[in-house]
Amino acid sequence: MCAVIYMLLATGMFFFQDTYFSIGGIELSLKNPCALAILFLALLNFTVTVRLGRLLILSRHMAVQMLPCLVPLVLSSIIWVGTRAESVAVLNGVSMVIPQLLAVLVAAATLYLFGGRGIWYCLGAMCAANFAGVLVVIYEGGLDAFLQEFYTLIITFSGETGPLMEQMETHDLTFAFGPFLIYLLLHWKKSSYPGLWLGLSALFFLIGLKRIAIPAVALGVLVAALLGLLPEKAARQTAICVAGAMMAISFLYIAGIHSGLFDFLEQAGLDTKSRTLLFGNVTPYYDISVTYMGRGTGFERFVEWFTGVESSIPLRTQTQIHNDFLRMYLNVGFIGYWVWLWSWLVVRLRYWFRQGGKEAGCLFLGICMYCFVLYATDNAIYYPYTMLACSLVPMTCRLDTLADEEFGKYCAHWSGGEDTFRSGGGLNGGR
């Protein structure tokens, strides 16, 4: 029964992303009640099962995965206090972070309910929601038109997108399949029904095709696979070096944009999709200097990037700047940006190597490499479904084994020794 309820709630959460309701004049997404209901379901399950080992492990996982969300919020709070920001700016910034935190909580709740099998329940709900979306589009436009547009989409590599395919172009949900694809390609033998899950994930990944996501997945798999060939200590050290290179490249990318990199690319004949204009309009709002303190999370919503005009209210429907690294630097400043990078990459990378071994560490770096490409070219950092997938997939690694070991340590500590624990009947209660 718990699995059925979860699947209904999770499918609804993924399906109702763009369905809103109003309370007191404030528009709220219908996905949020579904997410909160999943948390409540996990809480009820906890009161009955009390899987202590699983709870302790997931609590640590959850705290580490939330760190890159909380660091910008704390830094922004300092900025808001220092600049005496208006309440609308504070509420706007907080409203961007809360969905991130909720996504990590839902990932942890899923794994608490089902253990390591939770990854398949979550992926199954994503596929079910996508399939429901496909049925709606086919009902509106017809099967023949849908198949023809899908064929054109693939042949032209999304160069031509018909009206039916545009309805399926939910960026967040498409990007969310990326971490699952990386996991499936890296751990084919460990997956349940790998052919089925890989086929479904690839199909829905292509239906909502985002061109940049394909090389992002390929790069993530390649880096993780190559790293996995090394001994554990060498893999860990190499991963930290790669993380350092990623941090440096992201900052040099921002500095290059400020210095006119995209103007040069435009003059060289490259179609930058209006990024030259957007980045040019954002340039007056930040400096490449250690003294630049940032403007607080969510500041980019107050600027119309096609004109560069700053508004007194958040413009939630305006054109996005398609660069999450620049967005983060703009919001939290020079020092804050490096603190955020350290929390996003180095701190978590060390944690996963230490907690989950080489398997989890390599997988996590592969996911970070996937996100690195998205952050440099799109607006994925605040996508809740993508955040959920990026949190859940590494948390799955060795979860049941770690939960058993944690419960064993807990029992041994409180009973006064391993012998007492062993005589108590094993580890079943810990998971």
Please test Val242 against Met369 for side chain to side chain contact (heavy atoms under 4.5 Å, CB included), starting from the C-alpha separation and ending with a verdict. CA-CA 10 Å; Val242 171; Met369 190 64 68; 3.8 Å; yes
Step by step, work out the side chain to side chain contact (heavy atoms under 4.5 Å, CB included) result for Phe175 and Met387. CA-CA 10 Å; Phe175 286 149; Met387 174 66 71; over 6 Å; no
Apply side chain to side chain contact (heavy atoms under 4.5 Å, CB included) to the pair Leu219 and Val373, showing each step before the final yes or no. CA-CA 9 Å; Leu219 183 61; Val373 177; 3.9 Å; yes
Report the C-alpha distance between Lys31 and Phe15 in whole Å, list the side-chain angles of each, state the deciding distance to 0.1 Å, and finish with yes or no for side chain to side chain contact (heavy atoms under 4.5 Å, CB included). CA-CA 8 Å; Lys31 69 176 181 291; Phe15 182 77; over 6 Å; no
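A donor-acceptor contact shorter than 3.5 Å links the side chain of Thr156 to the backbone of Glu160. One N or O on the side chain of Ser76 and one on the backbone of Thr297 form a donor-acceptor pair closer than 3.5 Å. In this structure, the side chain of Asn92 engages the main chain of Gly298 through a donor-acceptor pair within 3.5 Å. When atom types are taken as modelled, the side chain of Glu86 and the backbone of Val88 share no donor-acceptor pair closer than 3.5 angstrom. Formation of a donor-acceptor pair under 3.5 Å by the Arg236 side chain with backbone atoms of Lys358 is not found in this model. Counting only distance, with no hydrogens or angles, the side chain of Tyr253 and the backbone of Ala376 share a donor-acceptor pair below 3.5 Å. Formation of a donor-acceptor pair under 3.5 Å by the Asp378 side chain with backbone atoms of His322 is not found in this model. Between the side chain of Arg54 and the backbone N or O of Tyr112, at least one donor-acceptor pair lies under 3.5 Å. Although no hydrogens or angles enter the test, the distance criterion places a donor-acceptor pair under 3.5 Å between the side chain of Asn281 and the main chain of Trp305. A donor-acceptor pair is defined here as one N or O able to donate and one able to accept, closer than 3.5 Å; no such pair exists between the side chain of Gln65 and the backbone of Pro394.
The structure places CD1 of Ile254 at 12.0 Å from CG of Leu261, a figure rounded to the nearest 0.5 Å. Summarising the geometry, atom CD1 belonging to Ile212 is positioned 4.0 Å from atom OG1 belonging to Thr377; distances are rounded to the nearest 0.5 Å. To the nearest 0.5 angstrom, Leu345 atom CG is 6.5 Å from Met247 atom CE. Rounded to the nearest 0.5 Å, atoms CZ (Phe14) and SG (Cys127) are 9.5 Å apart. Expressed to the nearest 0.5 Å, how far CG of Leu113 lies from CZ of Phe46 amounts to 12.5 Å. To the nearest 0.5 Å, the span separating CG on Leu123 from CG on Leu184 amounts to 6.5 Å.
Considering Leu326, Val282, Ile288 in turn, Ile288 is the only one that fulfils the side chain to side chain contact (heavy atoms under 4.5 Å, CB included) rule with His258. Among Trp340, Trp338, Phe325, the single residue meeting the ring pair (Phe, Tyr, Trp, His ring centres under 6.0 Å) criterion with Phe251 is Trp338. Of the options Asn32, Leu388, Leu36, Leu30, a side chain to side chain contact (heavy atoms under 4.5 Å, CB included) to Met13 is made by Leu388 and by none of the others.
In this model, no donor atom of one side chain and acceptor atom of the other lie less than 3.5 Å apart for Thr110 and Tyr121.
Annotation: side chain of Gln237 is not in contact with side chain of Ile240 (no heavy-atom distance under 4.5 Å). Contact check for Cys122 versus Tyr6: side-chain heavy atoms found under the 4.5 Å cut-off. Put simply, the side chain of Cys2 reaches to within 4.5 Å of the side chain of Leu41, judged on heavy atoms. The side-chain heavy atoms of Ser343 and Arg348, taken from C-beta on, include no pair separated by under 4.5 Å. Within the 4.5 Å cutoff, side-chain heavy atoms of Met246 are placed close to those of Leu365. Residues Leu252 and Ile249 are not in side-chain contact: their nearest non-hydrogen atoms beyond the backbone lie 4.5 Å or more apart. Residues Tyr337 and Ser250 meet the side-chain proximity criterion, which asks for heavy atoms closer than 4.5 Å. With a 4.5 Å cut-off on side-chain heavy atoms, Met395 and Leu58 count as touching.
Between Tyr351 and Phe364, a ring centre-to-centre spacing not shorter than 6.0 Å is recorded. For Tyr183 and Trp188, the ring centers are positioned 6.0 Å apart or more. The aromatic ring centres of Phe180 and Phe205 sit 6.0 Å or more apart.
Closest approach of Cys390 and Ile367 over heavy atoms only: SG-CG2, 3.8 Å. Contact between Ala109 and Leu39 at its shortest, heavy atoms only, is CB-CD2, 3.8 Å. Across all non-hydrogen atoms, the minimal contact from Leu230 to Ala235 is CB-N, 3.9 Å. The two residues Ile57 and Leu402 make their nearest non-hydrogen contact at CG1-O, 3.7 Å. In plain terms, the two heavy atoms of Cys397 and Glu359 that are nearest each other are SG-OE2, 3.9 Å. When all heavy atoms are compared, the tightest approach of Val221 to Leu186 is O-CD2, 3.8 Å.
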Please list, one pair per line, the donor and acceptor atoms closer than 3.5 Å that link side chains of residues 130-147 to other protein atoms, with sequence neighbours excluded.
residue : atom : partner : partner atom : Å
Asn130  : ND2  : Met126  : O            : 3.0

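With salt bridges taken as basic N to acidic carboxylate O contacts below 4.0 Å, none links Glu406 and Arg51.
Among residues two or more places apart in sequence or in another chain, the ring-ring contact (aromatic ring centres under 6.0 Å, His included) test is passed with Phe279 by Phe262.
For residues 321-332, the pairs satisfying salt bridge (Lys or Arg N to Asp or Glu O under 4.0 Å) are Glu300-Arg327, Asp324-Arg327, with sequence neighbours left out.
Tyr375 and Trp344 have tilted rings, their planes meeting at an angle from 30° to 60° on a 0 to 90° scale.
Heavy-atom neighbours of Phe157 CZ from other residues, nucleotides or ligands within 6.0 Å: above the threshold of 12. Annotation: Glu166, atom CD; neighbour count of heavy atoms from other residues, nucleotides and ligands within 6.0 Å is above 12. For Met293, the CE atom is loosely surrounded, since the number of other residues' heavy atoms within 6.0 Å does not exceed 12.
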